[in-house]
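Atom set for the values below is all heavy atoms of this structure, side chains included, hydrogens, waters and symmetry mates excluded. So that the names make sense, note that chain A is the first sequence line, chain B the second, and so on, each numbered from 1.
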Amino acid sequence: MELFLNQLLAGLATGGIYAAIALAIVMIYQAIDHLNFAQGEMAMFSTFIAWQLLQWGVPYWATFFLTIAVSFVGGIAIERIVFKPLKNAPVLSHIVVFIALFSVFNSLAGFIWDYSIKSFPSPFGGLHQVGMIAVTLLLLVGLYVFFQYTRIGLAMRAAAANPESARLVGVRVGWMVALGWGMAAAIGAVAGMMIAPVVFLEPNMMLSILLYGFAGAVVGGLTSPGGAVVGGFSVGILENLAGTYVPYVGSELKLTIALVLIVAVLVVKPSGLFGRRAVVRV
Amino acid sequence: MRRTALLLAALAVALALPLFLKNFTLFQLTLVMVYAVAILGLNLLTGFNGQFSLGHSAFYAIGAYTAAILMDKFDLPYPLTLPAAGAACLVVGFLFGLPALRLEGLYLALATFALAVATPQILKFSAFEDLTGGVQGITILKPDAPFGLPLSQDQWLYYFTLAVSIVMFWAASNLVSSRTGRALMAIRDNPLAARSMGVDTALYKSLAFGVSALYTGVAGALGAIVIQFVAPDSFTFFLAVSFFVGLVVGGVGWIPGALFGGLFILFVPNWAEHISKGLAWAVYGIILILLIYIMPSGAAGFVRAVTAKLQRRAS
Amino acid sequence: MDRRTWLIGTAATMALTAAPAFAAKKYDPGASDTEIKVGNTNPYSGPASAYGLIGKTIDAYFKKVNDDGGVNGRKITFISYDDAYSPPKTVEQVRKLVESDEVLLIFQPLGTPSNTAIQKYLNGKKVPQLFVATGATKWGDPKHFPWTMGWQPNYQSEGRIYAKYILEHLPNGKIGILYQNDDYGKDYVKGLKDGLGDKAKSMIISEQPYEVADPTVDSQIINLKASGADVFFNVTTPKFAAQAIRKAGEIGWKPAHFLNNVSQSVGSVLKPAGLEHAKGIFSSYYLKDATDPQWKDDKGYKDWVAFMDKYFPDGDKTSSFTVYGYSVAQTLVQVLKQCGDELTRANVMKQAANLKNLELPMLLPGIKINTGPNDFFPIEQMQMQRFNGERWEPFGPVMEGAIGS
Amino acid sequence: MTTLLEAKNVAAFYGATKALHGVDLTLEEGSITTLLGANGAGKTTTLRALCGLIRTEGEIRFAGTRIDGRVTEDIVRLGIAHVPEGRGTFVRLTVEENLQLGAMTRRNRAEIAADIERVYEHFPRLKERRKQQAGTLSGGEQQMLAVGRALMLRPRLMLLDEPSFGLAPLVVQELFEILRTVNRESGVSLLLVEQNADLALEAADRAYLIETGRIVMAGSAAELRADEGVRRAYLGY
């Protein structure tokens, strides 16, 4: 029983990591209707920027907000420079560009900061994982309020759902997409700064976390930020319990088991546990 | 007529290359053909049937291991391992295609991506270690040219792979222009209409998965013979991502595009490394972005635009 | 290079290769009056890119050698390609090195699968596959693969050294193992089990693998604690080692902790993990840890720092990989020196198998490199050490893993 | 009366394909104008061209300013509301959110709230369903929502693309009644594209006939109604 509880708590803690990144994934999915495969690398890069600021002696909270601001601007810049000219290219070409961005960020981080691990401080001390979960939930609430109760949040939702109609009511759709990138980059930065104290900072730190984040986002349903958070936590817990309790194969095939379960969820419920399929009457 | 002439010229060049090129370059070109066949498999699925996959490294791995195990444990001659690998992948692909029926677009991409990620772990699994060699993998012997032909191993493998590739490409273009091919494309373009025309979409979609896996599996077997070695680390999801990049760069839904894709994923990383060692993958990423910028629909779109321009000028 | 070492090396050369040293010049591809071409593959990208530091350090060291006049008047041209830790890519790059760049030898290709993939090719071509960067046991097999040689102590012998210690001092220990699920991890576990012999079954009560792709090993550590183990054999690479040490400390699990030397760096593992959690850990090593304050006045250490400052200023001085790259490059330079003017592939292997009591400035005191026609394991000695919360304290004699030789 | 919108020799393109070949149009302030034509004649294309949704050539002026070549978002801000073909409903948003989106270019919250109430007065059924997902509304309700959303802009000109399409006759009548009221009370000019020529000519002051991307006839609604050819081809009697 004690083992079970401990594994549950550990799963919750790693789940917090996945939830944070899943939230960023869902954010950008809402804004651009794609999964951004470079999301994790962008978050990693932001975290390195934070690390560099800390090395230069900038205090933690100043670094925290400065990094968010820099990432926000960076995300917008990426959309304006890389994706705006490609807005008429086929979807698959966009995915290739995500892959290209992935390579660029990974390689650049390794080049600038090299590949050995770096410890990253936590503002919450010994209670880091509790703090991380709290930050994730806070972000979620913040996003909910933003999307539900602000004009610009409404405009973003409209731009994502029906770009042409949105333009016809005067929403600057191009900028909404850019804003979505900016926000996703900023949320990624927060996720990165929360994750790095747990897994240590290095250029490849997001590789697998991104995958689990995707899994969490998909299980929860890509259209639901709340679902993404729940999904992230479930994947974390599931993975730990499978590794501990599935006899014989559990420890060796932990990842595989988790993935099989995810695919199973999808087969039963193709739009995720909390995802919505648009209801349309013609 | 012009097309046939072009194909014959290309074939003549391909046959003559070993007379002029070093063994190492031939080896690289052999790998290009191997990757081209793998990408062709992916193209049949994505380009002609509209199903995504970021998991084709799994089928490539199954093909490679099938070949390696048959050669290593059962002393099967290497040419016979290709049909075996193809058959194994046809079955696995078809079975994977069944649950995949329920998934669309991104969800399918993710499910297949999960398959790619899990592959190395499954290959390492200790229960299969006697067969797969576990983490150590399997080393196999490189075949000599048969019948005492005066060819080096690399030259022979080049011709062997060339022959297999020609058969695979020929079969693919026939498949695409057949009734089955039209059904596959109808499903891609308008699944509802296809169903109302009486196409059994479930069957065809699973079949497309199977055939696609078959191609990639044959490529995997060829790859194992050429590299002489299989190990879990050879089949990570990076390979699946490379295939995908090759598909898009070559052109989705255009059969010769696979060859462009193969050339791209083999040579461009090397060029990138040549330009800057420390930033090789950053350079690669930038090349990729520029390429998509110039040819948003890959080589296919580019070639089409150029031929259209030429024809317009001619007329 | 430390003067004393150089003298020993030269003396060895004089004594054992006196005759060929005065022979006429003889060259294989890749060698000439002015140049020696050395080929290498390293993972500069991909999941194992942390190891790329080794290749960069070697490159920097050869620059230094060239600035100092080269080896017997010849400059070393070091050609190193990225293989992203993918065996097919290694095959392609190594073939390019051999057939297109025409290097004299392949030096330090990294990774067990990568080296396995090129072993047959290089032995078939009779090109040296020298001082491979992996600790698998299979690299010391001169009968079947006379062109392949390892360098570092192999993982299995390190496992045996810990087994020996455990049997002696903790005969009733209950052992829990955390290992990376690949050749490296499994070799360590095999070494430990072989060393424990009959007692392995009863003593090892839990084995927890992890994948390189796992974000954390927290779950595994919880399971190990729950199993009741009081001896912890920690076979992890730096990132996971740091996670494991920290997690064990956080949940109050205090076993006798044996950490594989891959991750013994004070600066890049123990410090991030928290020095208070690392106190009391056992390990064994053969290189000096550059972040260990006990070496700060050591001549070899100071030379290394001077080299790093001048030739590799961006290099990470807290990483053991820079020390490793420096030392293995010095070993190759010694071999090339011994080759004299006979720079043939055969002679390279012959001299590589003819290193006698070679001491290097960054090897721990008492550790010597020895090879022979039937001994393709250059470094076989290790020193047990314990972490006192600040630095590693050696204890006991220099130990031999004794396998293969 | 003053000219509100004037299009001179406007061509429009879908990619490389030319879809309009020199259209001339003049709309008077406060008028109802209708654009008639067969399927594929270029009616929808004309509307899309006017509000910058596709690439155009030629000159378009709105209240004196050139608007050709400007982006849709800016044209909307000048006071042109477009009720597109298929209604452009934001199906996953609520009815009220749809209306709020219509006022995206405006700032004054109190006025917006008042305008929403006015839309609800016009369309009481929307008020009942204000918290419902818009996708769950019936076709007629969605059309009303689309008109309501357009009104939220406080436009000077509304472009309506087949508002009667797919609606029951009673609903159509109700809708046109409201459109006429809006035109009369708020002075909003309307440009109406319709399949149902009878209905459109009855409501309109002025009419244009478009065939294969060219304006082939222009005049008062009465003139077109009286024309033999129009009658035979579009009115069906």
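- Taking 4.5 Å as the heavy-atom cut-off, the residues of residues 94-101 of chain A that approach chain B are A:I95, A:V96, A:V97, A:I99, A:A100, A:L101, ordered by number.
- Interface residue A:L86: only side-chain heavy atoms are found under 4.5 Å from chain B.
- For a residue to count as touching a neighbouring chain, one of its non-hydrogen atoms must lie under 4.5 Å from one of that chain's; by this rule B:V117 touches chain A with backbone and side chain alike.
- At a 4.5 Å heavy-atom cutoff, A:F105 makes no contact with chain B through either its backbone or its side chain.
- Residue contact with chain A, scored on non-hydrogen atoms closer than 4.5 Å, involves the backbone and the side chain of B:Y293 alike.
- Here the CZ-CZ distance, from B:F113 to A:F37, works out to 6.0 Å after rounding to the nearest 0.5 Å.
- Each of A:A89, A:S93, A:A264 has some count of heavy-atom pairs under 4.5 Å with chain B, and the biggest count is that of A:S93.
- Only the side chain of A:L211 comes within contact range of chain B, judged by heavy atoms closer than 4.5 Å.
- Note: B:P296 leads B:A109, B:P296, B:S276, B:A111 in heavy-atom pairs under 4.5 Å with chain A.
- For the options B:V248, B:L279, B:V283, heavy-atom pairs under 4.5 Å to chain A are most numerous at B:L279.
- Of the atoms belonging to B:L54, it is side-chain heavy atoms, and not backbone ones, that fall under 4.5 Å from chain A.
- To the nearest 0.5 Å, atom OG of residue A:S103 and atom CD1 of residue B:I286 are 10.0 Å apart.
- In this structure the side chain of B:L110 reaches within 4.5 angstrom of the side chain of A:L35, judged on heavy atoms.
- Residue B:F238 qualifies as enclosed at atom CZ: its count of foreign heavy atoms under 6.0 Å is above 12.
- The CZ atom of A:F102 sits 13.0 Å away from atom CG of B:L288, with the distance rounded to the nearest 0.5 Å.
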